[in-house]
Every structure is written in structure tokens, then in C-alpha cells.
Amino acid sequence: MNYDFKQIEKKWQAHWAKYQTFKTDSLESSQSGAVSKQKYYVLSMFPYPSGAGLHVGHPLGYIAGDIYARYKRHKGFNVLHPMGYDSFGLPAEQYAIQTGQHPAITTETNIKRYREQLDRLGFSFDWSREVRTSNPDYYKWTQWIFIQLFNSWYNKDANKAQGMDSLIAIFEKEGNKNVNAACDDDVVIFSAEEWKGYPQKEKEEVLLKYRLTYLADAEVNWCPALGTVLANDEIVNGVSERGGHPVIRKKMTQWMMRITAYAQRLLDGLDTIDWPQPLKDSQTNWIGRSEGASVKFKVLSPNVQADHKDHSHGTQKSGSFIEVFTTRPDTIFGVSFMTLAPEHELVAKITTPEQKAEVEAYIQATAKRSERDRMADVKTISGAFTGAYAEHPFTKEPIPIWIGDYVLAGYGTGAVMSVPCGDQRDYDFAKHFNIPIPNIFKGVDITAEAFADKDKTIIANSDFLNGLSYKKAVKRAIFELEKIGQGKGKVNYRLRDAVFSRQRYWGEPFPVYYDVHGMPKMLDQKHLPLELPEVDKYLPTETGEPPLGNAKAWHWLQYGDEGNIVSEAEFANSSPEGRLGGPLELNTMPGWAGSSQYFNRYMDPHNKEVIYAKEAVDYWQDVDLYIGGSEHATGHLLYSRFWQKFLFDRGIAPKDEFAKKLINQGMITGTSALVYRVSGTNTYVSFGLKNDYEVEELRIDVNLVNASDEVDITELKQWQPDYKEAEFILEDGKYIVGREVEKMSKRWFNVVNPDAICEEYGADSLRLYEMFLGPLEQSKPWNTAGITGVHSFLRKLWRLYHTGENGTFYVSDSPSSEGLGGSLKTLHKTIKKVEDDIENFSFNTSVSTFMICVNELTSQKCTSRSILEPLVILISPYAPHIAEELWEKLGHGTSISDAPFPKFEEKYLVESSKEYPISFNGKMRFTMELPLDMSREQIEDAVMANEKTQAQLAGRTPKKVIVVPGKIVNIVG
RNA sequence: GCGGAUGUGGUGGAACUGGUAGACACGCUAGACUUAGGAUCUAGUGCCGCGAGGUGUGCAGGUUCGAUUCCUGUCAUCCGCACCA
């Protein structure tokens, strides 16, 4: 009987679906003992269902996760292994704009295709827990979390998020002078009395400055081609990540997420999770913590009125001071000028009439340059003098104030104290504009370049800092600055608050309407979800409003508990008596909203009352193993950690990190096939002969090429019309292609589809092969040719169980009838190796281990049930279909997925002798079999007595003989 | 520029905490079986050499009885971040 993988795989996929084999024990059935089992949560990042379907690179992480999930199940864990779809997103919307097809329909079609492809691979997903971010039952809770964020502020003293009611209580009691919150920069100090006297609208405006999600006029990255704003992580090299369109800076009122409140905790949390170091480094870099001091410089410009109102928190840009952030307060006596970003708000105020024209021209010129130009061109030095001066806090000397585009408005305070002797950019700027470069470093020559080596720094020419090292000088400088009230130690972060609005249709609507004062109001939970309205077209409105502006009815109208979505006219005609509501928010949430909470929702995905039952999250806690691509390092994975910390603070989630361990699967690249066309002809020359001609390289479909890089010319001629009449110059009667490893993409004709592989070799072969390719985390090229290796392994495995007459199934039940010694050893070394490998996520090596095991058992002619039964369990996480089939043939009535993992027993591996490698000066020359219980001396004697040793020595006397019992013998001399 | 990862046969890759480099596969060579082979089986296959032997883990050093593994320097490729004060 042959290994009929098609029939077997179909059979078991249907069986698993019918009997819901992989449905996780839910808590409702907990009395039956689910909770008594230890939980294990394996999660693969859910996909965006694109129209192109899956290629062989996509399932890599899913297969690894599936193997681990199945393994944990064999080990007796209650395993949660769900899958779903990140189904809001741009491509479906772009398609809708082009065709008018509702994105929901496109999305549904794509999901169906994904599901079919996934089902063919035999994953042990619990599909009953599927979530889709675009499903109202799901995004209801995304909206709900948004409301929780709106209703929270970050208390820096408690170092956690708290409800707004606690903040209001403080305001009513003592105003905000003692409030230490993560908030906007421009909050003013008020007393309890002042607060109570504020009209409602002003109160709300103040509160908005404290909320964790808030409306703000922000400089955003506007992408005109996509008609939307983009987050920093959605921009690559100054153009949109998706589509590569230009991005410009623009001021817009947007919903923002106060992720900066969590900057330090996001950094600290990295130490508590087992994530790849490069990914942690990326996040660390993105958060960009730097320690230093903020320093205030008094502006000596007559145009600026002294403003003595004391602001005890927030950064102070306006008034009579320029505040800067510096990591080198020790160099404060080296300041010879100040530089402001051209966008800095003080620029207009301080510029003298004489300099006005020059400054304005410069500002205009920089505004014109796109972000991309500015980034591409970092060498050109440009700037302008404002004519104004600031006062040095210690020397009281006047310092000229310049503007320059090397100072970024978005970092720090948008102003720097320029120390040309200690910073190369300041140095270059000073050189370029002939500004003095005072030297404040002892024994350092700065005629050629700035000196920035902190470790070798000794300060000079700096009053009280003279003779101090970097570390001591920093401390002293901060101390002195604090003494005169012009500075303090400060930690600065590169991380910015995240823009949360998108001018798009296919995303979560904000559960927000605007009241008569234009202030945002949240819908009640009982009115959620606020579902996406139907629109005629998915483009912005004529007045430039987001697509939701096209909705016929998009006003909220509420009396008492009753609320509805109505048209503008209907709202206008309704009675104002007791009326709540107003126009609904026209923006939608960004792509990362839904994916920032899905891992928790899987724990209790159908709950209608609450986001998830407490018992469910208390049991499942967090993700034990999360697998996905490293491209999400600073997007999804940072935002998710932020939301999780927030949910933890508010008592909604039990853990403040959502995933204990994370693995990045590497990319599978394509191996493109190249043919060589002789220039100007329709003749193609084989790879080996191409150097004799002038040729162009063209890519052909990799599916036309076999394992030996030969092209099937008949098929090629039919593939594309260009080749129909083509001539081919062959070598040895064959046409050989060239190979190039590059990203798997339709345009290179190197995409390999998993369906085709399943069709030809089966899902088990595909699963094994993807693992066999190499270490999970590394990127590696796909070459379909190699799959024959694992496929014939599965056939050998099958034959091992079919040694009966005419290849029928046969296992022997009486272990005594045959010598099991060798087979037991083979089995147990396999158990040990495979178990170690899985625990270390080294799936590629366990595939080789299986091959070795089956080769050995085959040559041992092993037919014993006591060997073959445990073996099939070992293999089942990797190749579940064939394992189920053999398991059934072995006489079992229940799924192999619940069978306990075989127990490794050391006793079968105990050896009495060892094949010692005998080395001479470190080079192995021959081996000698010796008993393991021999002493060092006995081994040395035995080796020296050997004639081969004497032959190697050729009469010399060894200087030294190194004997490591059980390992090696090395003879030196 | 800064940070990170990776360099081992023709190819994918293996080698546990320093101890037989190239496991396991693909490909290739030869042979067997076969009407046929993109099926199956057997043997071989790092490189140089007929051979004994030599040589070999990007390159150059170092530590060690012994280094793919540890240290120093260097080169290449890939991936982040990039005027971050």
C-alpha cells in the first residue's frame, strides 16, 4: 500500500473539522477539568488577508507555532492556539475606490481564500475563536478601549494611568499645582477656585490636555496620494511605506495617543520579556531615551516681554526664556551661539527688523524642502541670524541666536545651545558662519574638528567646572543651574505621541460625536459598536473631508438612554430639549488599533457583555509564545505593549506585557530563474554559454525549471507569447537557467504557491520542508527542488509501518521475539534530541533527526509496536496527517494529538565503550574503541601501545599526552 | 555616521557548555533494475594530489594540548535608525 498523501490529508482535515479536535477547552466547561491543566498560549501574528493569497513564505511562522502548540498538547497542556484576520486596511479600500466594490466584500472573499489555503496545511487552530478586526462584534471593543483611554490620565507620581474622576477630584480640592501628570506642554496652573469657576467648555479643554487620547493640532505626515496622515513607522525614507508616495508636513486636528507617558515603562519592560535582542534594540532606539539637562536662556531681545508667571511643569517655550535640552550640560561654558529650528515659535518674536527679510526667506526655503530632501541632504549647512541675543546663565555674556534646519522642531524643545568645540554639527555651523569656537577642553586641539569623547574629557575655561571629568562636571553643572533656577536634570525621549486619526473609510469609526461647543463626547458603552456607515464613494468629500463625510446619516441623536444615528437634517429638526449628540467623528482609526488588543480578545472572543471575562484572562494571562515577522518591531509590537500597559493599569488585563516570549521568523526569499537573450534577437543562450554573447537577463517562471536548473522548453514556449518562436542555444542538449535570490514577488515570477506544493507533495511534506530549510529566525531562499528529500523521507516512514505482504500494514506486538536493544537506543536518542530541539525552536535539526531515526530503524528491520508507536507521536507535531493515519492503523480510536509525548529514558543510551578520536598535535588521525570505565592512565597506555600511534610518532617521544576520558586523546610532540 | 545580525562544500544547512568540521538533505558522478524515468536501490562526492600526504569554517593575528566555537583587529553582505542636541 502506497503513501497516498492526498487521501490521507483530506481525510484527517475533514475529521479534525468535524470533531473539533483542536477546540480549546473553554472556561464554561471548566468543571470538567480544563482549568486543572496548565495553560499554554501559542500565537502567530494574524495576517492581513490580501488579494494575492498566501505564498510559501507566509506559513513558515504558522508551521513553527503549530508544531509547538501540538507539542505542548502532547505534553499535557491546555493549549490556546487561535487565528484570525487583521481585516481593516488600505488595499481593500484602494480596490473599493477603483471599482466601487464595498471593502467588506473584498475582505470576505480574501478571507475565504486564506482560510482554504490555511486549512490545507493541517493547522491545529481553534477556529471557533476566530476574530476579525473589521467585524463590529470585535471593533466594539477597540472602540471601548479608546473610550477608556479618553477617560484616563497618567499620574507620574503613581506611575500609572488612572480614571479622569480622580484627576477632577484633585482639581476640585487643590487645583493642578501639585499634579504630576503626562500632559500637554501648555497647561496653565490654576487653583481649586479657578477650576470651579471655569465654564464647562473650558473645563473640558483643560481635561483634554491630560487625557491619554486627545485632540490636538499636530504637525502630521500628510500623504496627498493616499489622502491620509501616516504614523512615523508608516514612513520609510521620507515616502509612504505603502505605495512609496511623497509625504509632507501639515498641521491638522487629530486624535493623538499619549504613548509618551509610557516611554520609560516601555523601555523598562523590555528587560522582563524574552524577545529577540535586535527587536528590543529597535524599540529602544525608537523610544530614544537620553539623559541630560534642560537649561533656560534668558532672551535679551527688546521685543520679548518678560513673563514672570511661574509654570512648575511642562516645558516653557514662550516668554522671556529659550529652553533647550542638552546631554552635555558640562559644556555649558562652551556655548557660543544658540540655534532654533526654523519652525520655533519664538523666531518671529525675537527677529530684529534688520534680519527679518533674511530670516523669513530662510524659513520659506526650508518649508519648501520636503522631508525627504532634508534627510537626503545632511551635508549642506544653512541657517540665518535672527539679530537677537540670549544671556548665558553663568557668564551673563550675550549669545547670538541663529536658526538652522539642522535643529529639528520635533525633538526636544526645538532649540539647542550650540557648543561648537564639543559637537561636530555645531562646529560645522560655526565654521560656516564664522562664529567663534571657544575651547573648553583641557589639552585638546580643536582646530580641525570638534571633540566629543566624553571619557577623555577634562573641562577647562569653565569657572567652577574647571578640571572636572565629564561625569562630575555634568553633576556640578546641573546643581549650579538648579541653584539659579535656570535648569534641571532631565530625561528626554525621541518617542512622540502617536497620531491616531486616519482620513479613511475602511477602519474603526471613533465612538465620538461633537457637542454644541464642538467638544468631543464619547458614546455610552451600551451604544457600541458604532458601525461604519454606508457611503456612495470611498473618496474624500468635495470639501476635503474624510470619506465618512459622504455618509447620508452620520449624526448622533440621543434622548435619555435612547441614541440613534440620524442625518444632519433630522438632527437639526429634532427638539433641543434634553437632546444629546451632534456630528459624529469623520476620521477612522489607524491599522494598528485592532491589532493592539486581539491577543487578549482570543481568550474570550464571544463575550458580549465585557471585553473579556475576568476568569478568562486570569486563567490565560498572556501569550506564552508569539511568532511573527520582525517588520512589526516599532509598529504593532510597540503600540500593543503600550495598550497592554494601559489595560493593566486600569485593571482590565492581568499582565503589563502581553507576550512572554517572541520569535521572529525569517523571510523566505525566492530563487528567480534567469534566461539570457542574445541582444537584438529572439535567441536564448544557456547559462554556461552566456559569456560568449552580449545578452539581456530575463526572468522566467520558476515553475518551468527543474531541480537541475534545466528549463522545460516546450512549456516555456507556451508560457508567454514572446517565447513561442524563440530559438535556444543549448549546452549538453539542455537549457540551463541562471539563479538569483531575491524577494518573493509576482514581478520576478518567483512566487511559489503552497497549494501547488500540497497538490504535488502534500501538506506534511511542505510542513517538514519549510522547517528543514534552516533555522526559523534566519531568512533563507526557497528552492522547490529540495522538497523531494523530505517527501521521500515520509515515504520511507510509511514503508517502515508497511512491511507486511504486498506492503500491507504490519507491526509486531511481542517485543521479546526480536532484539530491541538497537532500536530502543535509536528511539530514545531521537526522543531526547527532538524534545531538546523543540524546546529550543530548532525545528530544522529535528527533521534530520527523524530522517536518521527512520534510516536506522529501517536497516534494523524494526517492526515492533513498542518502538513504532512512540515514534509516530514524536513526528505528529511536524507531519500530523500521516501520524494520525498511522496512529489509527495502530489501533487507536482517538486523535493522536492528545497522546502523551514519549518519555525519554537515559538507560537505553548508556554506553560501555567509546570510539576515541586519537589526535596528534590537535589533528585527528584515527579512532580507537576503548571501554568507558578506563582510567586516564589506562587509556594513555592503551593508546601508546597501539601500533598506529607508533607509526604516527615515527620514533619521536611525545612531550605530552592529553587524555579527556569520554572525549578525546591528543598526543603532543 | 550609529546600532544589530550573518559569513562553513556546487546548494540549503549541521557541529551540545572549546574536543573526530561538513550530520541530514538537494545536486552531481558511477553502477543496478527498467520499454521508459523528473521512479526505486547501491556506491562515491570539501579542495589539491595517481598516491602517501597536504590543506580547509570571510580575512589577519592572539589565547589553548586542541578554536567554526573564546579574544583583538579587519573585510563583505543584509536589516533597523539616521542632523536626536
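As the structure is a prediction and not an experimental result, all values here were calculated from the model. Residue numbering restarts at 1 for every chain, and letters A, B, ... go by the order of the sequence lines.
Ring geometry, W402(A) versus F337(A): the interplanar angle exceeds 60°, so the pair is classed perpendicular (tilted spans 30 to 60°). Using cut-offs of 30° and 60° on the angle between ring planes, the pair H632(A) and H636(A) is perpendicular. Using the six-membered ring where Trp is involved, Y769(A) and F772(A) have ring planes that are tilted, between 30° and 60° apart. A perpendicular orientation is assigned to the rings of F850(A) and Y878(A), their planes being inclined by more than 60° (bins at 30° and 60°). Between H828(A) and F904(A), the ring planes are tilted. Angles from 30° to 60° get that label.
C16(B) and C83(B): their C1' atoms are spaced 48 Å apart (whole Å). Taking atom P on both nucleotides, C2(B) is separated from A85(B) by 14 Å, rounded to a whole Å. When the P atom is compared between G37(B) and A32(B), the two are found 13 Å apart, to the nearest whole Å.
Base engagement by E760(A) is indicated by at least one non-hydrogen atom pair under 4.0 Å involving a base atom. Using a 4.0 Å heavy-atom criterion, one finds that E915(A) contacts the bases of the nucleic acid, with or without backbone contacts as well. Nucleic acid contact for S290(A): sugar-phosphate only, since backbone atoms but no base atoms lie under 4.0 Å from a heavy atom of the residue. Residue N844(A) is classed as a sugar-phosphate contact, given heavy-atom separations below 4.0 Å to backbone atoms only.
Of the side-chain N and O atoms in R799(A), none sit less than 4.0 angstrom from OP1 or OP2 of U40(B). Taking only side-chain nitrogens and oxygens, R494(A) never comes nearer than 4.0 Å to OP1 or OP2 of C81(B). For the pair R795(A) and U40(B), the criterion of a side-chain N or O lying under 4.0 Å from OP1 or OP2 is met. Between S779(A) and C78(B), a side-chain N or O to OP1/OP2 separation shorter than 4.0 Å is absent.
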List every contact pair, protein side and nucleotides 51-53 of chain B side both N or O, where the distance is under 3.5 Å.
none

Enumerate the protein-to-nucleotides 62-67 of chain B contacts in which both atoms are nitrogen or oxygen and the separation is below 3.5 Å.
unit_1	atom_1	unit_2	atom_2	d
C65(B)	O2'	N970(A)	ND2	3.2
C65(B)	O2	N970(A)	ND2	2.7

For nucleotides 24-30 of chain B, give me every protein contact, N/O to N/O, under 3.5 Å, one pair per line with atom names.
unit_1	atom_1	unit_2	atom_2	d
A25(B)	OP1	N855(A)	ND2	2.9
G27(B)	O3'	S708(A)	OG	3.4
C28(B)	OP1	S708(A)	OG	2.6

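The ring of F297(A) has its center no closer than 6.0 angstrom to the ring center of F321(A). Aromatic pair F5(A)/H791(A): ring centres closer than 6.0 Å.
Classified by its glycosidic torsion, G9(B) falls in the syn category, the angle being within 90° of 0.
Rounded to an integer number of Å, the gap from CE of M771(A) to P of G12(B) is 18 Å.
Pair assignment for U72(B): A60(B), on the basis of Watson-Crick or G-U wobble contacts that are both within less than 3.5 Å. Base pairing annotation: G9(B) forms no Watson-Crick or G-U wobble pair, as no partner gives both donor-acceptor distances under 3.5 Å. Nucleotide A52(B) has no partner under the Watson-Crick or G-U criteria, as no pair reaches both atom distances under 3.5 Å. Pairing for G31(B) is with C41(B), a Watson-Crick or G-U wobble pair whose two hydrogen-bonding atom distances lie under 3.5 Å. Nucleotide A21(B) forms no Watson-Crick or G-U wobble pair with any nucleotide shown, as no partner meets the under 3.5 Å limit on both distances. Shown here, A82(B) forms no base pair; nothing in the strands shown gives a Watson-Crick or G-U wobble contact with both key distances under 3.5 Å.
In this structure, N750(A) contributes its side chain and V702(A) its backbone to no donor-acceptor pair below 3.5 Å.
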